[in-house]
Structures are given as C-alpha cells and as structure tokens.
Number of protein chains: 2
Amino acid sequence: MTEVTDALAQQVWDFVYAHDAAYDRAAQTAGLSAAQACLLEHLAGDGRAMGDLAEELLCDASNVTQLVSRLEARGLVARVPDPTDRRIKRVSITTAGRRVRRTVRQAFEFPSERLGLLTEQEQRQLSELLAKVLAPDRPLG
Amino acid sequence: MTEVTDALAQQVWDFVYAHDAAYDRAAQTAGLSAAQACLLEHLAGDGRAMGDLAEELLCDASNVTQLVSRLEARGLVARVPDPTDRRIKRVSITTAGRRVRRTVRQAFEFPSERLGLLTEQEQRQLSELLAKVLAPDRPLG
DNA sequence: TATTGTTATACTCTATAACTATA
DNA sequence: TATAGTTATAGAGTATAACAATA
C-alpha cells in the first residue's frame, strides 16, 4: 500500500465526475435517464429475466419492475413470458429500443473525445494501471 | 485522436462504477446520501451562498434549498444571513457537520485501498494520464 | 426592474413490505 | 413451501414555474 496524495484523489474524482456527467447527457439526448440507458445496455439477444437484471444492475427487483415499466410504456422493451416457467418474464429490447440505444452510444462521447486524447501507448499504460486498481479481489463496487 | 478500444472503455466504466459505489457507501456510513455528503465537502470556512453552491454543484438553486433544508434539520449545517445583502443566506457547517464529514472522508476507502495498490511511480503515471484526459478545454462534465 | 432564495409541483430512482401467481 | 414478479408506499434527488423579500 502506497500513500495516495489528495491531488491524485482529486484528479480521479474529476475524471469520474466527467464520465458520469457525460453519460447522463448522452442518455438525456435520447430522452432517457442514466438508469434506463444502463438497463438497455444489459439486454442481450433473447431477453433477460427480471431477476437476472436486478442482480446485474445491483438493485432491488421492484426497481427493475418500474424501470422496465417505463421503458415498456415507451415501446423500447417488451415483457415476454418464459415458455418453461410461467413465473418468469423476459425483457427483450424492441427495434425502437435498439435505435434509442444506438443514439445513446453515439452521444456518449467520453471514450472517443477524452480517452482518444491519449496515444495508443498511453492507452495501453492506462489499461494496465486500471487493471491493477481493479484487481479482482472483490467482485464489484 | 486515437481510436479507443471497447475493452478500455469498459475498464474505465468499471473503475468509475467502483468509485461511485464506494462514495455512496461512505456517505451511507454517516447516514447521508452522496449528494448531501458532496454538499458538505463544498462548505468552506465562513459559509457559502446558496447560489454559489448551486453553481459549484451544477444543479438548480431549488435543489440546493432542499438539500440544505434536510442537512439543517439534522443540525449539520446552518443558514446564516449575509450582513451586507439580506437576500443572501450563507450555509455554514456546524461542529456536528464537521464530525459527520470526517466520518465520510474516513469511510471513503477508494483512494487508499484502490489507488494505493499502485506504486509511487505508477501513481505519477496515472496522474499524468488523467491530466491529459482532463485537458482544460471544457471547465467540467 | 433584477436578483436571491423558497415553495409548489412533478417525475424519476430506489428500497421495504405485502401480495399474486406459479413451481 | 419457495420463487418470480408486481403493487403499495415512502423518501431522496432533480428540475420548472410561480412567488416573496430585498436590492
């Protein structure tokens, strides 16, 4: 463990803040909240069970219910019953949802406009540093 | 502008996520939301005007009113009228507020436990990379 | 008239607890 | 009985618009 300067901690804070703000703006471009955009990102091909989404998003199932309800009301996702277990509902993204998701991705300029300021070598450096910082001792958060 | 790989963007995402989650937890340790803790961090010696806080926190003034009201109800801040302009109210942190703020700072283990995984040289490297990424072309976000 | 802060209102995120349907 | 999802409810963050007090 090395001592960490306040200056570095502050830089990291600013970086994180800029990233968060950029994602918020990107989502807003498509009329979504960050939480809604994030949920769309977690929808793979044939649909995810509500419970799985709650686990992946690290939030309560009742929260997923509401997020999905709002997205469904706008036609961006659909609840499809699971054929093998009628308790389960799978959330699948619609064509309109894919379009909106693409909009968010394209509007999220942080990676290209910020990380893109680094040379290839610097990007590799950053990647190695982040890998060290995020050493897989804890799964998340 | 260099092309940015999805892998790096994902690493950055995970890093940001871990930082956010760690701060949420730290604030919760003191019974605060992240927004409340953040506001406490912006309170300097003699108190900040509500409007200045709104600018620094990049949010609406009415939002600051509510955040401050909740903190005031818990005795962590106080509204003191400005002697020179009676429209202005300055928000100052109380002794209890300082104590709580210290609790949050100590509970925020991300800098020491995560950035501390890097050697001094690596920390300097990271600092230089972040400085490049956050080149001061835009003020914030 | 312009500015500072508040109030009223509304929407979203989030969680807990109680509930329904299914297994 | 246990599980998947929903509903009811509540508190917090946030913004817009209307408002009061002061400059």
Side-chain angles (χ1 to χ4, degrees), chain A residues 17 20-21 23-25 27-43 47-74 76-92 100 104 141, chain B residues 17 20-21 23-25 27-28 30-42 47-74 76-92 100 104 141:
Chain A
Y17 188 92
D20 282 344
Y23 195 71
D24 274 351
R25 278 198 306 274
Q28 224 173 340
T29 294
L32 298 179
S33 67
Q36 289 169 345
C38 208
L39 193 152
L40 283 189
E41 286 297 338
H42 282 261
L43 295 184
R48 283 287 220 290
M50 306 281 294
D52 292 355
L53 281 173
E55 258 188 62
E56 289 174 24
L57 300 172
L58 299 180
C59 72
D60 193 82
S62 65
N63 192 24
V64 175
T65 295
Q66 296 193 72
L67 288 169
V68 168
S69 293
R70 289 191 199 101
L71 291 170
E72 192 180 36
R74 295 180 45 186
L76 306 182
V77 304
R79 284 171 164 101
V80 302
D82 187 296
T84 75
D85 184 338
R86 288 193 303 179
R87 289 174 303 180
I88 295 176
K89 288 177 192 164
R90 301 200 161 271
V91 185
S92 73
V100 164
V104 176
Chain B
Y17 188 91
D20 283 344
Y23 195 71
D24 275 351
R25 278 197 307 272
Q28 226 175 338
L32 298 179
S33 68
Q36 289 170 346
C38 207
L39 193 152
L40 283 190
E41 286 297 338
H42 281 261
R48 284 286 222 289
M50 306 281 295
D52 292 356
L53 280 173
E55 258 188 61
E56 288 174 23
L57 299 172
L58 300 180
C59 71
D60 193 81
S62 65
N63 192 24
V64 175
T65 294
Q66 297 194 70
L67 288 169
V68 167
S69 293
R70 289 193 198 100
L71 291 170
E72 192 181 35
R74 294 181 45 186
L76 306 182
V77 305
R79 285 172 163 101
V80 302
D82 187 296
T84 74
D85 185 339
R86 288 192 304 178
R87 289 174 303 180
I88 294 177
K89 287 176 192 164
R90 300 199 163 274
V91 185
S92 74
V100 165
V104 175

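Remember, predicted model here, so these are calculated numbers, not experimental data. Each chain gets a letter, A, B and so on, in the order the sequences are listed, and its residues count up from 1.
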- request: Taking only the side-chain nitrogens and oxygens of A:R70, find out if one of them lies under 4.0 Å from OP1 or OP2 of C:dC13.
  value: yes
message: Whether the side chain of B:R87 and the base of C:dT3 hold a donor-acceptor pair under 3.5 Å is what I'd like checked.
response: yes
- prompt: Is a donor-acceptor pair below 3.5 Å formed from side chain A:T65 to base D:dT7, judging by atom type as modelled?
  reply: no
Can you tell me the distance, in whole Å, between the [atom1] atom of [X] and the [atom2] atom of [N]?
X     : N      : atom1 : atom2 : value
A:D24 : D:dG13 : CG    : C1'   : 12 Å
A:R25 : D:dA15 : CZ    : P     : 14 Å
A:R74 : C:dT12 : CZ    : C1'   : 12 Å
A:L32 : C:dC13 : CG    : C1'   : 14 Å
A:Q36 : D:dG13 : CD    : C1'   : 15 Å
A:E55 : D:dT3  : CD    : C1'   : 13 Å
A:D20 : D:dG13 : CG    : C1'   : 15 Å
B:M50 : D:dA21 : CE    : P     : 17 Å

So, do [X] and [Y] sit near enough that their side-chain heavy atoms are less than 4.5 Å apart?
X     : Y      : answer
A:R48 : A:H42  : no
A:L40 : A:V104 : no
A:L76 : A:L32  : yes
A:R70 : A:R74  : no

message: Students often get this wrong, so: under 4.0 angstrom with heavy atoms, is B:N63 touching a base, only sugar-phosphate, or nothing?
response: base
message: By the 4.0 Å heavy-atom rule, please label B:Q66 as base, sugar-phosphate, or nothing.
response: base
query: For DNA chain C, whose closest nucleotide is more 5', that of A:S33 or that of A:R86?
result: A:S33
task: Let me know, please, whether B:D85 or A:A61 comes out on the 5' side of the other along DNA chain C by nearest nucleotide.
output: B:D85
From [options], pick the nucleotide closest to the side chain of [X]?
X     : options                : value
A:L67 : D:dT6, C:dT14, D:dG13  : C:dT14
B:A35 : C:dT14, C:dT4, D:dG13  : D:dG13
B:R79 : C:dC13, C:dT6, C:dA23  : C:dT6
B:S62 : C:dA8, C:dG5, D:dT6    : C:dA8
B:K89 : C:dT6, D:dA23, C:dT22  : C:dT6
A:D60 : C:dA21, C:dT14, C:dA15 : C:dA15

statement: Between the CG atom in A:L57 and the SG atom in A:C59, the distance rounded to the nearest 0.5 Å is 5.0 Å
task: Give the C-alpha distance, both sets of side-chain angles, the deciding distance and a yes or no for side chain to side chain contact (heavy atoms under 4.5 Å, CB included) between B:R79 and B:T65.
output: CA-CA 10 Å; B:R79 285 172 163 101; B:T65 294; 3.9 Å; yes
